[in-house]
**Q** 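Sharing a structure, written as structure tokens. Questions coming.
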Amino acid sequence: MLNAIIRREITEHIVSLRFILSFVLVVILFTASSLLFVYHYRLSERDFWHNANANRSVLFDKSKELLGLTFHQQQLWKRPLPLMFISEGFDSTLPNKYELNMFEMEYPSVSSRVNYLSSYSRPLDLVFIVSVILSLTAIMLTHDSISGEREGGTLRLMLSGPLSRYHILLGKYLSSLITLAIPMTFGLLVSMGIVVVSQTLSIGMREMAVTACFLLISVLYVSMFVLLGISVSSTMKRSTNSMVILLIVWVALVIVVPGLGRIVSNVLYKIPSYTEIAKQSEAVSKDIWNQAHAGKFGENAIAASPNRDSPYVNPEAHMKRHQANTNASTHIFADYHNQMVSQVYRARNVLRFSPTVLFQRISESLTGTGIRRSMSLFEQIRNYQTQLKDFIRLQDAEDADSFHEIYDNDKVTRWWKSISIKPVAFDSIPKFQEQQLNLGASLRLAIWDIGLLVLFNLVFFAASLMFFLEHDVR
Amino acid sequence: MIWDIVKKEFLLNITTFKYVVGTCMCTVLVMILLPVLISDYQKRLEPYHYNVAHNEAELHQVKCYWSLKPIVHRLPSLMALFSRGLERKMPDSVQIELSHVPVLQSDAKRENPYLAVFPSLDISKIMEVMISLLALLMAYDVISGEREQETLKLILANGIPRSQVYLGKYLAGMMTLAISMLITFCVIMIVLLLNPKIAIAASDWLRIGLMFLAYLLFISSMYNVGMFFSCLIRKSSVSLMFSVLCWVILLFVVPVFSQYLASFLVPVGSREEIDANVRALEAERDEGQKSLSGVLKTGNLWGGPDSFGGFCYDLCEPGPTKYLNECFIHNEPRLLKYANDIWEIKSNYNKTLSKQRKLAESIAKLSPACLLETLTNTWANTDYGSCARYINAVKDYRGRVVDYIKMRTDNFHRISYFTPGQSDEERVEYYSTMEGRKKHFDMIAPLVLGDFPRFDYHVRPVTEGIKLALSDLTVLILINLLLLVVSLSLFLRCDIR
């Protein structure tokens with residue numbers, strides 16, 4: 001009997017004008033989004049390889065001399081991912097260029113084809129389409145699911161039959177969900193088709209799994225709006241009123257709350273501006289300078305002359321001073337970076353009460369894009385820096401002519417031969433390779449968000465059940 | 001008679017549930033956001049006033065022309081509270097140097113780069129979303145609702161021309177919506193006026209008035225969209241579907257899509273290529289200047305941190321003075337040339353970017369929401385034109401500073417360019433008292449800079465803004481008229497049974 005209801009409802013939905021309209025819209029948007037994605041992906045992939053190869057060839061040049069390698073400023077780039085067509089996660093506006101040598105790391109920056117003069121930074125990915133268009137479709141399909149039947153007088157007839165209210169509700173819920181899954185699946189297939197045909201993505205196990213998970217999560221997300229629609233519909237006497245309420249709730253959840261991110265982060269967690277940090281780091285280095293004057297690092301910690309044996313210079317003290325400087329500035333930078341990250345994380349955690357934010361977060365975890373990827377990349381680059389440091393130490397230790405004093409002063413270390421100037425085998429230099437989180441690990445990271453989304457579903461299911469069971473059919 | 005209809009409809013509208021809820025929500029959201037934005041604005045205002053005063057004080061301490069490197073600070077714009085636009089993309093401060101021609105460029109260090117994960121939403125966007133939704137909700141059943149309840153027959157049976165009925169309904173709806181818009185604007189005004197630290201100039205009032213007008217036109221166009229569907233479709237619920245879909249497309253899909261389409265149609269080069277070109281030019285420039293840096297590094301010059309953002313050379317000994325003089329005569333014109341070359345590259349890149357932006361804007365003119373944004377940005381002086389205008393003003397100022405230095409130092413030929421212009425005997429004497437050098441330095445009289453050019457920037461006047469926005473304004477009005485005429489003709493011919 002439940003099947004009969006579902007079948008009836010689905011056929012009714014499918015022939016309805018609103019369904020056809022949103023189906024067409026969704027499919028057009030999915031197609032356009034994937035086509036544009038393929039175009040942009042190709043460009044950014046080309047840029048990535050161009051830059052990565054440039055970095056490699058400079059690294060090759062620098063391998064002729066360990067000292068040169070030590071002070072060589074490497075440029076590491078964030079690689080565009082083919083799965084970004086599902087969730088771009090604002091990746092194109094997040095920093096993609098990281099510059100570092102073994103001593104310090106520059107402030108990450110954006111150096112891509114993104115037009116910083118444009119005022120719209122929203123990505124047109126599948127997450128956007130599902131979270132805005134499909135959630136709205138869900139509301140439009142369900143806003144009159146109960147109130148409409150009552151207005152039409154068919155609800156009484158239905159309830160006078162042998163079916164329990166619970167079954168009717170379940171039937172309505174499942175049928176709306178299945179109806180909504182149709183454009184989603186179809187659009188996703190079209191998108192996958194475009195991406196595969198254009199040879200942007202080779203379908204492996206991971207891609208299949210991610211896409212399937214994305215579909216499931218989308219269904220879960222849309223289901224929340226279906227349940228919301230049914231609950232409001234069973235409390236309201238008139239369908240139009242229920243639509244008004246639903247639209248206002250929709251605007252709040254889908255548009256307003258996710259858009260509050262910047263404001264919430266600035267209110268919740270104030271961080272100093274870059275100029276303040278620059279001032280702070282200047283003050284610290286001045287402090288170290290004064291300490292050096294006072295003789296904290298030993299005699300003549302400041303003086304430097306081309307002659308290492310001059311009585312006025314003290315290589316060891318000089319090294320200590322510079323190391324203190326490097327440590328201090330690295331510490332300040334790392335601290336500031338942590339603050340920047342927690343600012344964003346906190347706001348995102350607070351905004352989780354909006355299902356749209358949850359959906360965004362989960363899909364980012366699935367595809368391995370977004371802020372989490374940026375953080376993991378940053379960590380990996382930091383580890384790489386340590387690796388590079390160890391490598392240079394080891395190489396330097398093998399050279400008997402070097403004084404093994406490795407610190408951040410290009411000119412003086414060259415004068416004093418503090419670091420080896422022997423060539424290094426290019427193949428032995430560690431090279432950076434980004435490791436992506438595997439799907440299991442990313443799912444584990446998203447488990448709380450998924451749980452929360454399920455919880456929202458349950459709450460709204462309970463609400464709709466309660467409202468409908470107590471519904472007065474007159 | 002038309003006024004009776006307006007009155008009746010107005011009273012009906014204003015008491016509806018959706019109107020009250022929509023207006024309240026819009027006002028409440030604005031009230032939540034506004035204090036945050038205002039405190040942000042004030043936080044930027046304080047350092048601005050401090051810096052400007054500080055700058056002027058430092059100018060009177062400069063001792064040689066080389067260290068004339070004034071910093072230009074930008075007054076944060078109050079109007080950006082209403083319409084943020086590109087205001088944040090304009091630099092807050094620019095240092096005027098020989099080696100750098102000011103140009104608009106992105107600066108990652110200005111705010112947390114990871115905040116890019118949040119789509120930006122400001123007051124204007126919230127008002128736009130809420131008020132347009134409200135307009136559609138008010139309009140979708142204006143005709144179809146009456147038809148469903150069969151009251152339309154009764155109204156038309158009274159001998160009132162249909163056009164009057166229609167216009168009466170339109171005017172009543174617009175009046176109700178204008179009131180809720182007015183409430184929101186009043187709330188903003190009251191909060192701003194109650195804040196003692198914020199001064200609103202007369203021209204700003206005019207700008208706010210113009211923005212209000214733009215909002216009214218926008219609301220009217222969305223209301224017309226709703227009425228169009230209401231006339232076209234018999235069932236209110238279906239008309240609501242269409243209106244809402246249309247709303248989503250106009251407000252959310254068109255802006256994003258136009259940007260993507262524009263980036264496809266007008267591709268821009270990678271930022272990295274441009275930076276690489278700039279770096280190459282800089283390396284070439286520095287290659288030719290080693291002679292000077294050699295002198296600097298071996299410590300023949302004593303430089304202390306100067307108040308004016310650079311280093312100020314001490315009195316030089318007569319020997320190095322001659323050498324340095326030659327260096328500067330050779331180097332500074334090169335510096336200027338390379339600065340221009342680098343500027344050329346960067347501004348060409350900006351030209352493609354702005355071309356792309358312009359195309360995106362033209363595509364987005366399909367949507368009244370985007371037209372509204374262009375209009376308010378233009379009137380709040382936060383559009384691209386204002387940014388370019390500001391940067392050009394700074395660039396002109398740099399030109400004047402360079403010309404001034406050139407004139408005063410005879411094209412960098414005088415030693416007063418890099419060292420206080422004392423005679424050779426005085427220098428020798430000065431160097432004889434080694435210990436008191438720093439003390440002596442303070443006693444050297446600063447330059448007399450009475451006629452030094454000052455940076456003086458006036459934002460684009462309102463009249464010019466109106467002229468610029470005229471075409472967009474016309475498009476918006478035309479959209480309104482078109483929708484009005486089409487839906488009126490639909491209504492005139494509709495079958496009321």
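Chain identifiers are assigned alphabetically (A, B, ...) following the order of the sequence lines, protein sequences preceding nucleic acid strands; residue numbering begins at 1 within each chain.
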**Q** Between Asn51(A) and Glu272(B), do the side chains contain a donor N or O and an acceptor N or O under 3.5 Å apart?
**A** no

**Q** Counting only non-hydrogen atoms closer than 4.5 Å, does Phe128(A) touch chain B with its backbone (N, CA, C, O), its side chain (CB onward), both, or neither?
**A** side chain

**Q** Sort Gln75(A) into side chain, backbone, both or neither according to what part of it lies under 4.5 angstrom from a heavy atom of chain B.
**A** side chain

**Q** As an exercise, state the distance from NZ of Lys18(B) to CD1 of Ile248(A), rounded to the nearest 0.5 Å.
**A** 10.0 Å

**Q** Taking the side chain as every heavy atom from C-beta outward, state whether Val344(A) and Phe118(B) have any atom pair closer than 4.5 Å.
**A** yes

**Q** Check whether Leu36(A) gets within reach of chain B through its side chain, its backbone, both or neither, counting any heavy atom under 4.5 Å.
**A** side chain

**Q** So what's closer than 4.5 Å to chain B heavy atoms on Ile129(A): side chain, backbone, both or neither?
**A** neither

**Q** I need the Ser354(B) OG to Leu117(A) CG distance, nearest 0.5 Å.
**A** 7.0 Å

**Q** If I measure from the heavy atoms of chain B, does Leu136(A) come under 4.5 Å with its side chain, its backbone, both, or neither?
**A** side chain

**Q** Output the distance between atom CG (Leu115(B)) and atom CZ (Arg262(A)), rounded to the nearest 0.5 Å.
**A** 5.5 Å

**Q** For Asp47(A) and Ser270(B), which heavy atoms make the closest approach, and how far apart are they?
**A** OD2-CB, 3.5 Å

**Q** With distance as the sole criterion, is a donor-acceptor pair present between the side chains of Tyr274(A) and Asn112(B) under 3.5 Å?
**A** no

**Q** Tell me, side chain or backbone of Val251(A) under 4.5 Å from chain B's heavy atoms, or both, or neither?
**A** side chain

**Q** Heavy-atom distances under 4.5 Å only: say whether Ile274(B) touches chain A with side chain, backbone, both or neither.
**A** neither

**Q** Against chain A, label Lys43(B) side chain, backbone, both or neither, depending on which of its atoms sit under 4.5 Å from a heavy atom there.
**A** side chain

**Q** The test is side-chain contact (heavy atoms from CB on, under 4.5 Å); show your working for Ser111(A) and Asp275(B) and say whether it passes.
**A** CA-CA 9 Å; Ser111(A) 187; Asp275(B) 288 348; 3.9 Å; yes

**Q** Measure the spacing between OG of Ser237(B) and CZ of Arg18(A) and express it to the nearest 0.5 Å.
**A** 6.5 Å

**Q** I would like to know whether Met241(B) and Phe19(A) meet side-chain contact (heavy atoms from CB on, under 4.5 Å); could you show each step before the answer?
**A** CA-CA 10 Å; Met241(B) 292 308 124; Phe19(A) 172 76; over 6 Å; no

**Q** Which heavy atom of Gln259(B) sits nearest to which heavy atom of Ser118(A), and what is that distance?
**A** OE1-CB, 3.2 Å

**Q** Examine whether an atom of Tyr19(B) lies under 4.5 Å from a heavy atom of chain A, and if so say whether it belongs to the side chain, the backbone or both; otherwise answer neither.
**A** neither

**Q** Side chain, backbone, both or neither: which part of Gln105(B) has an atom under 4.5 Å from a heavy atom of chain A?
**A** both

**Q** Ile245(A) versus chain B, heavy atoms under 4.5 Å apart: side chain, backbone, both or neither?
**A** side chain

**Q** Given a strict heavy-atom distance threshold of 4.5 Å, which part of Leu33(B) is in contact with chain A: side chain, backbone, both, or neither?
**A** side chain

**Q** May I ask you to test the Met340(A)-Glu111(B) pair for a side-chain heavy-atom distance under 4.5 Å?
**A** no

**Q** So which part of Ile133(A) gets closer than 4.5 Å to some heavy atom of chain B, the side chain, the backbone, both or neither?
**A** side chain

**Q** Report the C-alpha distance between Tyr114(B) and Met375(A) in whole Å, list the side-chain angles of each, state the deciding distance to 0.1 Å, and finish with yes or no for side-chain contact (heavy atoms from CB on, under 4.5 Å).
**A** CA-CA 10 Å; Tyr114(B) 298 119; Met375(A) 289 311 100; 3.6 Å; yes

**Q** Drop me the distance from Ser112(A)'s OG to Arg271(B)'s CZ, to the nearest 0.5 angstrom.
**A** 9.5 Å

**Q** Please walk me through it: do Val244(B) and Met140(A) pass side-chain contact (heavy atoms from CB on, under 4.5 Å)?
**A** CA-CA 9 Å; Val244(B) 169; Met140(A) 294 203 302; 4.3 Å; yes

**Q** Pick one of side chain, backbone, both or neither for Val36(B), based on which atoms fall under 4.5 Å of a heavy atom in chain A.
**A** side chain

**Q** Highest number of heavy-atom pairs under 4.5 Å with chain B: which of Gly261(A), Ser374(A), Pro95(A)?
**A** Gly261(A)

**Q** Quick one: of Gly22(B), Pro267(B), Ser263(B), who has the most non-hydrogen atom pairs under 4.5 Å with chain A?
**A** Ser263(B)

**Q** With chain B as the partner, which of Ile255(A), Val114(A), Leu43(A) has the greatest number of non-hydrogen pairs under 4.5 Å?
**A** Ile255(A)

**Q** Measure Val132(A) against the heavy atoms of chain B and call it side chain, backbone, both or neither at under 4.5 Å.
**A** side chain

**Q** Taking side chain as everything from C-beta outward and backbone as N, CA, C, O, which of these in Ser239(A) sits under 4.5 Å from a heavy atom of chain B? Side chain, backbone, both or neither.
**A** neither

**Q** Checking heavy atoms, do the side chain of Leu29(B), its backbone, both or neither come under 4.5 Å from chain A?
**A** side chain

**Q** So which part of Ala252(A) gets closer than 4.5 Å to some heavy atom of chain B, the side chain, the backbone, both or neither?
**A** both

**Q** Between Leu124(A) and chain B, with a heavy-atom cut-off of 4.5 Å, which part of the residue counts as in contact: side chain, backbone, both or neither?
**A** both

**Q** Check whether any side-chain heavy atom of Val256(A) lies under 4.5 Å from a side-chain heavy atom of Val129(B), and answer yes or no.
**A** no

**Q** Can you tell me if Lys89(B) has over 12 outside heavy atoms packed within less than 6.0 Å of its NZ?
**A** yes

**Q** Does atom CD of Glu282(A) have more than 12 heavy-atom neighbours from other groups under 6.0 Å away?
**A** no

**Q** His50(A) versus chain B, heavy atoms under 4.5 Å apart: side chain, backbone, both or neither?
**A** neither

**Q** Do Leu17(A) and Val238(B) have side chains that approach each other closer than 4.5 Å (heavy atoms only, starting at C-beta)?
**A** yes

**Q** Measuring from atom OG of Ser243(B) to atom CE of Met243(A), what distance do you get when rounded to the nearest 0.5 angstrom?
**A** 9.5 Å

**Q** Heavy-atom pairs under 4.5 Å with chain A: which of Phe257(B), Tyr384(B), Phe252(B) has the most?
**A** Phe252(B)

**Q** With a 4.5 angstrom heavy-atom cut-off, is it the side chain or the backbone of Leu240(B) that approaches chain A, or both, or neither?
**A** side chain

**Q** When the aromatic ring centroids of Tyr260(B) and His40(A) are compared, is their separation below 6.0 Å?
**A** yes

**Q** For Arg348(A), is it the side chain, the backbone, both, or neither that has a heavy atom closer than 4.5 Å to a heavy atom of chain B?
**A** both

